[in-house]
Amino acid sequence: MIDLLDRRLLFITGKGGVGKSTVTAATAMVAADQGKKVLLVEVDAKGNLTNLFEHEPVGFDPVQVYPGVFAMQLNTEASLREYLKLNLRIPMVGRIGPIANVFDFVANAAPGVKEILTVGKVCWEVRESIEGRADWDLVIVDAAATGHVLAQLDAPRTIRELVQTGPIRGQTEWMMDILSSPSLTALNVVTAPEEMPVNETIELVARAREETTVPLGAVIVNRVLPEPFTTEDEPVFAALAGPEATAVLRAELGEGASGVLDAARLAVALRRSRVPHLDALRDAVDLPLLYLPFLFVRDHGLRVTRVVAEALGAELGL
Amino acid sequence: MSPDRGGGARTASLESLLASREVLVFCGSGGVGKTSTAAAAGLAAAVHVGGRVLVLTIDPAKRLADALGLEGIGNEERRVPDAVLRGAGVQPRGELWAAMLDTKASWDDLVLRHAPDEETARQILDNRLYDNLTSRFVQSHDYIAMERLYDLHSTGAWDLIVVDTPPTRNALDFLDAPQRMADFFGGRLLRWLTAPYRLGGRRGARLVNIASKPFYQIADRILGTQFLQDIAEFFLNFETMYQGFVTRARAVERLMKDQRTAFAVVTTLEGAPLREAQYFCSELTGRGYHLGALVLNRVLPESFADPGIAAAADRLVSEPDEVADRLVELGVGGLTDPVAVARVLRTIGTSFQDYAVVATREAELREQLAKAPEVLATVPTFADDVHDVSGLARIGECLLGAQLPSARVRADARAGEAEHRPR
């Protein structure tokens with residue numbers, strides 16, 4: 001049993017292609033089904049997170065996409081506008097084009113500036129909720145992929161190092177307090193039992209410990225293939241796949257029998273090829289591992305999100 | 001190997017693409033097997049076409065890097081020893097080389113090359129923003145990958161360079177990187193930002209006379225004076241390299257659009273990667289790049305669509321007992337327990353049915369491929385990860401054995417290409 005959902009802020013990262021967004025959406029669904037009010041934040045501008053709830057894309061203002069799940073998409077200009085209004089009392093009516101352009105430019109050049117708007121907005125929602133001015137029980141962030149997530153989470157510290165004075169520096173303090181608190185925040189990594197995702201996960205976990213103060217939550221291993229046969233049944237399969245039995249099966253079932261046996265061999269081999277990667281992950285990472293099955297389904301949408309959410313709920317002991 | 005070799009006037013197989021182009025760029029969304037596919041194409045070129053072939057890879061899996069002899073090396077090109085290739089059962093006609101992109105080392109090289117003098121170079125390399133810029137500024141990876149490719153190409157040392165592209169949020173960002181870099185350093189905004197420091201008379205002078213300008217007031221209130229000054233100092237130094245950057249950016253773009261360069265898009269037959277791949281294909285063509293091939297990777301075998309096999313699987317699921325009894329009765333393979341045999345037979349049948357669902361989705365997505373380039377290659381799912389040269393050789397064979405898509409799709413692709421041919 002892992003108390004992941006008792007935190008206030010969950011970052012979910014992962015290498016491209018492992019199903020990060022699906023797992024993020026499923027996590028939000030599990031939490032909402034538990035009665036929590038969830039803010040689901042999409043950071044990458046891909047805008048397809050809400051597809052997983054069969055909902056049209058959303059903008060900067062949170063929209064309910066599933067009972068209890070409110071989704072929003074971060075956007076640099078909107079974040080900046082909000083920041084200026086709230087923190088510097090600079091009202092920005094209409095377009096802030098030139099300032100935003102300059103800002104975009106500085107943000108691209110100077111590390112951490114763009115990231116701090118992202119992390120800052122997220123931390124701000126958490127702080128407002130803790131202090132009773134907002135009512136999110138949980139903020140879940142579909143964070144940057146493994147390659148960039150640490151830069152994102154470490155932005156307050158980067159900014160502190162670079163900016164010696166000014167209001168931003170002061171604000172990095174409370175952000176870092178939230179980001180460093182094990183009772184509030186957790187960084188979670190989605191991976192798949194394949195070489196590259198496992199290596200990236202191991203590396204990310206080590207680097208997160210070394211380079212940041214952000215507490216780690218769980219590693220979610222997605223797309224775990226089922227083991228077709230139990231140890232007891234394996235010799236039976238071996239005998240059935242032998243030439244003698246195959247001949248009988250072909251006589252009984254037609255030519256197609258060989259093809260079915262080939263497919264079973266492929267299933268066994270695919271599963272076996274994943275085992276060393278799972279072992280490597282278990283050996284190298286001392287975090288709770290949650291396993292989600294490979295889904296033999298047609299395509300992703302609300303149906304798949306629900307199936308993943310059920311599996312995740314079971315892994316969380318719910 | 002292919003009957004098309006040297007035959008038709010037009011590029012019609014991946015092999016002719018490998019033989020006729022000097023640069024082949026592999027792109028695709030993360031996790032689709034882009035790196036292995038690029039390496040396999042490079043190997044196939046060295047084996048079947050010959051010449052000096054270089055695979056420029058960005059972030060290979062460790063075992064693949066080891067297999068190519070890339071472990072522990074910096075930015076330089078290394079030849080994959082013939083013994084390694086022969087050990088894996090391939091007889092190369094040419095040479096296979098491999099190189100990894102070391103972003104930091106490439107940036108340092110670039111600064112040393114373009115800076116007007118050693119002192120400026122030193123100041124740039126020592127600036128604390130520089131480290132952050134080169135290691136964290138995502139677009140800097142894209143830029144440096146293109147820069148490095150250009151550099152390697154202009155040595156004239158390679159018959160073919162196969163390039164793996166960096167993992168980016170948008171796999172086409174790297175195409176814009178050179179132009180964006182040039183815009184960045186040449187932009188009015190940069191001049192605006194650094195202007196007050198120029199008024200001081202020399203680089204790094206104190207900020208003067210800003211009180212009257214609202215922009216600086218706001219920037220100063222947000223970022224602080226010191227930070228603004230650090231940024232300005234850095235960019236004033238960096239600006240000295242501007243002309244070099246712009247010239248290079250243009251040259252890189254020319255090379256990317258040259259007839260000698262082609263792109264290959266890699267995807268799996270899953271919804272999201274395939275949608276992205278189709279977007280890449282239309283973007284590449286629309287922007288005047290040469291889309292050479294679409295590689296469908298990790299595709300399930302066609303046998304999953306075979307009705308005869310499916311019928312056999314259905315029967316195993318619905319009537320395993322009958323078949324099990326028959327097997328035990330005949331005493332085949334020492335099978336004695338009809339209950340266990342029936343259980344395993346049913347599992348064999350369900351396993352097929354499970355994968356058949358995925359295979360059906362793949363077949364449907366494949367049908368929907370509206371606009372495919374001339375070469376459509378399919379690489380099947382292999383039971384094991386590809387992490388050695390013989391695995392790459394196996395992928396390579398699949399790439400070269402590429403079936404031509406239907407005549408209709410091919411004709412569409414040609415018509416599409418003709419529209420974008422430079423006049």
Side-chain angles (χ1 to χ4, degrees), chain A residues 15-18 44 46 48 88 90 99 101-102 105-106 108-111 145 147-148 151 158 162-169 194-197 199 228-229 233 236-237 239-240 242 244-245 248-249 252-257 259-264 266-267 269-270 273 296-300, chain B residues 29-32 61-63 129 132-133 136-139 167 169 184 187 189 193 215 218 221-227 230-231 271 273 303-304 306 308-309 311-313 315-316 323 326-327 330 332-335 340-341 343-345 347-349 351-352 354-355 357-358 361 383-385 387:
Chain A
K15 181 177 158 56
V18 300
D44 275 352
K46 281 198 172 173
N48 50 13
L88 299 178
I90 301 173
I99 296 265
N101 282 345
V102 171
F105 165 81
V106 174
N108 276 327
H148 310 306
T158 310
L162 290 168
V163 184
Q164 306 298 324
T165 55
I168 280 196
R169 188 183 162 85
E194 291 158 37
E195 184 181 9
M196 285 301 276
N199 287 351
F229 306 110
D233 283 349
V236 179
F237 173 62
L240 287 172
E244 216 187 337
V248 174
L249 287 170
E252 287 288 314
L253 307 167
E255 303 275 299
V260 183
L261 288 168
D262 286 342
L266 179 69
L270 282 172
S273 72
F296 296 97
V297 292
R298 305 174 70 82
D299 209 350
H300 288 232
Chain B
S29 53
V32 297
K62 192 179 175 303
R63 290 190 299 171
L129 280 174
N132 279 309
L133 178 76
R136 298 196 191 181
F137 179 21
V138 178
Q139 284 159 12
R169 274 176 208 175
F184 184 68
L189 291 170
L193 194 68
F215 163 65
I218 294 174
R221 277 172 72 187
I222 300 174
L223 298 167
T225 311
Q226 178 63 44
F227 187 42
D230 278 355
I231 294 177
S303 57
F304 284 104
D306 183 321
I309 301 178
R315 177 96 197 278
L316 285 180
V323 184
R326 181 85 184 125
L327 284 159
L330 289 169
V332 172
L335 295 167
V341 174
R343 183 172 63 229
V344 173
L345 286 174
T347 308
I348 293 171
S351 175
F352 178 88
D354 283 346
Y355 278 97
V357 172
V358 180
R361 177 192 72 199
D384 45 344
D385 292 339
H387 58 265

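Numbers restart at 1 for each chain; the letters A, B, ... are given by sequence-line order, proteins then strands. Given the structure is predicted, the values throughout are model-derived calculations rather than measurements.
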(request) Evaluate the side-chain proximity of B:Thr347 to A:Asp233: yes if any heavy-atom separation is below 4.5 Å, no if none is. (result) no
(request) Below 4.5 Å from any heavy atom of chain A, which atoms of B:Ile348 appear? Answer side chain, backbone, both or neither. (result) both
(request) Locate the shortest heavy-atom distance separating B:Ala312 from A:Ala257; write the atom from each residue and the value. (result) CB-N, 3.8 Å
(message) What's the separation between atom CG in A:Leu261 and atom CD1 in B:Ile309, rounded to the nearest 0.5 Å?
(response) 10.0 Å
(message) Any side-chain to backbone donor/acceptor pair from B:Arg315 onto A:Glu252? Under 3.5 Å, distance only.
(response) yes
(message) If I measure from the heavy atoms of chain B, does A:Phe229 come under 4.5 Å with its side chain, its backbone, both, or neither?
(response) side chain
(request) Using non-hydrogen atoms and a 4.5 Å limit, figure out which bit of B:Ala311 sits close to chain A: side chain, backbone, both or neither. (result) neither
(request) Identify which part of A:Ala145 has an atom lying under 4.5 Å from any heavy atom of chain B, answering side chain, backbone, both or neither. (result) neither
(message) To the nearest 0.5 Å, what is the distance between CG on A:Leu266 and CZ on B:Phe304?
(response) 5.5 Å
(message) As an exercise, state the distance from CZ of B:Phe352 to CG of A:Asp262, rounded to the nearest 0.5 Å.
(response) 10.0 Å
(request) Give, for atom CG of B:Leu335 and atom CG of A:Leu240, the distance between the pair rounded to the nearest 0.5 Å. (result) 5.0 Å
(message) Using heavy-atom distances under 4.5 Å, tell me whether B:Ser303 contacts chain A through its side chain, its backbone, both, or neither.
(response) neither
(request) Flag the pair B:Val323 / A:Val248 as yes when at least one side-chain heavy-atom distance between them is below 4.5 Å, and no otherwise. (result) no
(message) Can you tell me which portion of B:Asp306 sits under 4.5 Å from chain A's heavy atoms? Options are side chain, backbone, both or neither.
(response) neither
(request) Give the minimum heavy-atom separation between B:Ser351 and A:Ala267, together with the two atoms involved. (result) OG-CB, 3.4 Å
